[in-house]
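This report concerns only the one structure given below.
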Amino acid sequence: MKIRALIIPALCLTLFSCARGPKDGDYTLTVLSTNDVHGSWFDSTYVGGRIKNSLCSVNTYVDSVRKADGKDNVLLIDAGDCLQGDNAAYYYNYIDTLSPHLFPRILHYMDYDAVVWGNHDVETGHKVYDRVNREMRAYGIPLLAGNAVRNDNGKPYFPLYTIVKKGGLKVAVLGYQNANINAWLGEELWSGMHFERIAPRVQKDVDYVRAKEHPDVVVVGVHSATGTGDGNNPEAEALDVLNTVRGADFVICSHDHRPFVETRDSIVLMNSGSHTRFLACGKIHLSVKDRKIVSKSYEAGLIPIKAKIADPQMREYFRKEYEAVKAFTLQEVGVLNVDLRTRDAYTGMNPYINLIHTLCITQEPAEISIAAPLTYNGTVKAGVLLFNDLFTIYPFENQLYVVKMSGDEIARYLEASYDRWIVTASKPGDHVLNIIQRDNPRTMQKGWSFVGHSYNFDSAAGINYTVDVTKPRGSRISISSMADGSAFDPSRIYNVAMTSYRASGGGNLLQEVGIDTDRIGDRVVARYPEIRNILYDYLMENGSIDPEVIGNPSVIGSWKFIPESLAGPAIASDMELMFGK
């Protein structure tokens with residue numbers, strides 16, 4: 001494969017001295033990276049004979065690069081979010097906990113040099129990621145997170161860096177976890193540590209590693225989004241690092257699922273996107289004279305991955321594990337008596353979001369539910385439900401919290417949510433959905449897509465309300481009553497069911513109404529297991545999902561966009577722009 005046709009050159013002639021430099025000569029190191037794989041380990045969707053991008057496909061490209069450039073001249077790292085998002089990850093995280101975990105074995109098979117810890121890896125909890133870390137260490141593969149600091153001794157919970165020898169060069173790889181973990185995940189998942197901002201400490205760490213280890217090449221892996229480089233967002237610090245760090249050659253970033261490459265005269269930033277759609281590829285060329293590096297130049301770009309070229313040897317090597325996952329996820333769990341289309345949640349009440357609300361509001365002592373569509377555009381057809389379908393209905397391992405909120409806070413919360421979801425319309429032909437004409441690499445949406453993230457489009461159940469699309473934020477929401485017809489009181493405290501992600505501050509919606517999510521424990525009155533497990537238990541108890549039951553207005557209430565004569569046609573037009581007829 002011709003890597004050079006896919007990369008963009010940038011040149012730097014900065015002189016570096018190195019106390020213990022490599023031998024004189026010319027060197028080229030290729031840096032390959034994945035990130036946000038989200039459990040895409042196998043190339044099968046497990047049903048229907050469909051194939052998908054996976055690490056099996058990535059391995060074909062990695063092997064070709066190693067053959068072209070020499071295995072000893074290739075560094076392979078992952079920038080996090082490996083352990084969540086697919087049937088295989090779920091199976092080896094929570095079902096088969098006695099066999100060696102599959103992910104470390106895949107890393108070993110593919111000869112990864114290092115992995116950075118991601119926020120969705122934290123989501124699996126101590127029992128899972130501590131086990132995975134132990135098994136990775138047994139293969140000599142470090143899990144890095146230098147800014148995840150232990151509370152008891154101030155040291156990193158996982159190593160800050162590792163040293164790798166490649167083609168006569170000494171390479172330092174530093175790794176950092178996202179600094180905004182406490183805004184999304186309950187402390188029970190990351191107990192015993194805290195997370196420091198990345199950008200303010202990277203320079204100190206790079207200087208420390210350079211002074212101690214005298215590396216020839218430094219790679220900084222951050223499970224943090226690209227961002228804008230303004231230093232204000234703890235969730236997106238990659239450009240902050242790129243703009244400020246000196247002495248690093250590569251910054252590998254992740255988290256936002258947006259493929260991105262930027263080369264500068266003395267450093268490269270790479271983000272391969274997500275779900276193995278791309279493999280990030282960078283090269284550094286070094287010239288050494290008198291044991292000193294006298295010149296460096298860089299190339300970087302993205303290699304598109306094709307699902308159909310999955311490595312047959314890798315597929316066969318893990319055939320037994322694949323079949324175990326497949327057998328588990330194809331087990332029948334109930335009957336679905338209505339089609340579920342997740343994108344219908346953007347238009348108003350519908351069976352999909354009604355189901356999520358029903359699962360949440362029926363957990364004691366919840367009186368109101370707040371929920372968003374977490375699958376962007378998925379469909380589950382009516383008929384026999386397989387466990388595999390539950391991953392489409394609810395893809396994340398979010399727990400369910402019940403949180404105290406006043407009626408006034410609930411109303412203002414809904415104003416904040418719908419302000420991300422819709423725009424004010426005044427006449428036919430205006431947009432109602434908050435969309436823009438642009439390709440969205442995160443959702444693979446072409447042409448038109450939402451300005452914001454649809455997983456923050458929360459609606460409510462347990463109350464009756466309307467959303468006036470002709471009015472601005474602050475006056476759109478009108479709550480008429482509770483679902484049972486009793487009065488809704490702005491001054492009363494209600495028990496509100498929501499995901500652990502939202503309760504911990506995810507999406508900043510609670511913060512927008514003045515709720516301190518750092519002290520959310522003061523408001524939590526109940527905690528439940530993962531919502532997908534609640535769905536499974538519901539099916540085990542009831543056997544089926546019926547639209548009349550999950551759409552019972554006396555339980556979940558009702559809501560709609562008004563005026564319907566304007567909102568209905570406008571939303572239908574906006575949906576057609578995004579998804580077609």
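For clarity, every value in this text was computed on a predicted model and none was experimentally measured.
Under the 4.5 Å side-chain criterion, counting only non-hydrogen atoms from C-beta, Thr30 is in contact with Leu32. Between Arg105 and Pro100 the shortest side-chain heavy-atom distance falls below 4.5 Å. Counting heavy atoms from C-beta outward, Tyr208 and Lys204 have side chains that stay 4.5 Å or more apart. In this structure, the side chains of Arg315 and Pro312 come closer than 4.5 Å at one or more pairs of heavy atoms.
We find the CD-CZ distance between Glu237 and Arg197 to be 4.0 Å, quoted to the nearest 0.5 Å. Note: His275 NE2 to Asp86 CG = 8.5 Å, rounded to the nearest 0.5 Å. Going from atom OG1 of Thr124 over to atom CG of Leu185 covers 10.0 Å, rounded to the nearest 0.5 Å.
No donor-acceptor contact under 3.5 angstrom links the side chains of His120 and Asp36, judged on distance only. Side-chain N/O atoms of Asp130 and Tyr157 include a donor and acceptor closer than 3.5 Å. A donor and an acceptor atom, one from each side chain of His255 and Asn119, are located under 3.5 Å apart.
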Notebook entry, point to check: Given the rule in the side-chain hydrogen bond (donor to acceptor under 3.5 Å, both in side chains) test, do Tyr112 and Thr34 qualify, once you have shown the distances and angles that lead to the verdict?
Noted result: CA-CA 10 Å; Tyr112 270 87; Thr34 54; 2.8 Å; yes
Next item on the list: Show your working on salt bridge (Lys or Arg N to Asp or Glu O under 4.0 Å) between Arg319 and Glu316 and close with a plain yes or no.
Entry: CA-CA 5 Å; Arg319 172 68 61 185; Glu316 191 58 35; 3.7 Å; yes
Checklist line | From CA spacing to verdict: salt bridge (Lys or Arg N to Asp or Glu O under 4.0 Å), Lys283, Asp69 | finding: CA-CA 10 Å; Lys283 289 180 182 290; Asp69 295 357; 2.4 Å; yes
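For Phe260, the ring-ring contact (aromatic ring centres under 6.0 Å, His included) criterion is met by no residue, not counting sequence neighbours.
Residue Tyr109 qualifies as enclosed at atom OH: its count of foreign heavy atoms under 6.0 Å is above 12.
The side-chain contact (heavy atoms from CB on, under 4.5 Å) test with Thr499 is passed by exactly one of Ile356, Asp458, Ile531, Leu400: Ile531.
Residue pairs meeting the side-chain hydrogen bond (donor to acceptor under 3.5 Å, both in side chains) criterion with at least one member in residues 133-143, sequence neighbours excluded: Arg131-Glu135. Evaluation of the salt bridge (Lys or Arg N to Asp or Glu O under 4.0 Å) test over residues 155-169, restricted to residues two or more places apart or in two chains, returns Asp113-Lys166.
Ring pair Phe450/Tyr346: centre-to-centre distance below 6.0 Å.
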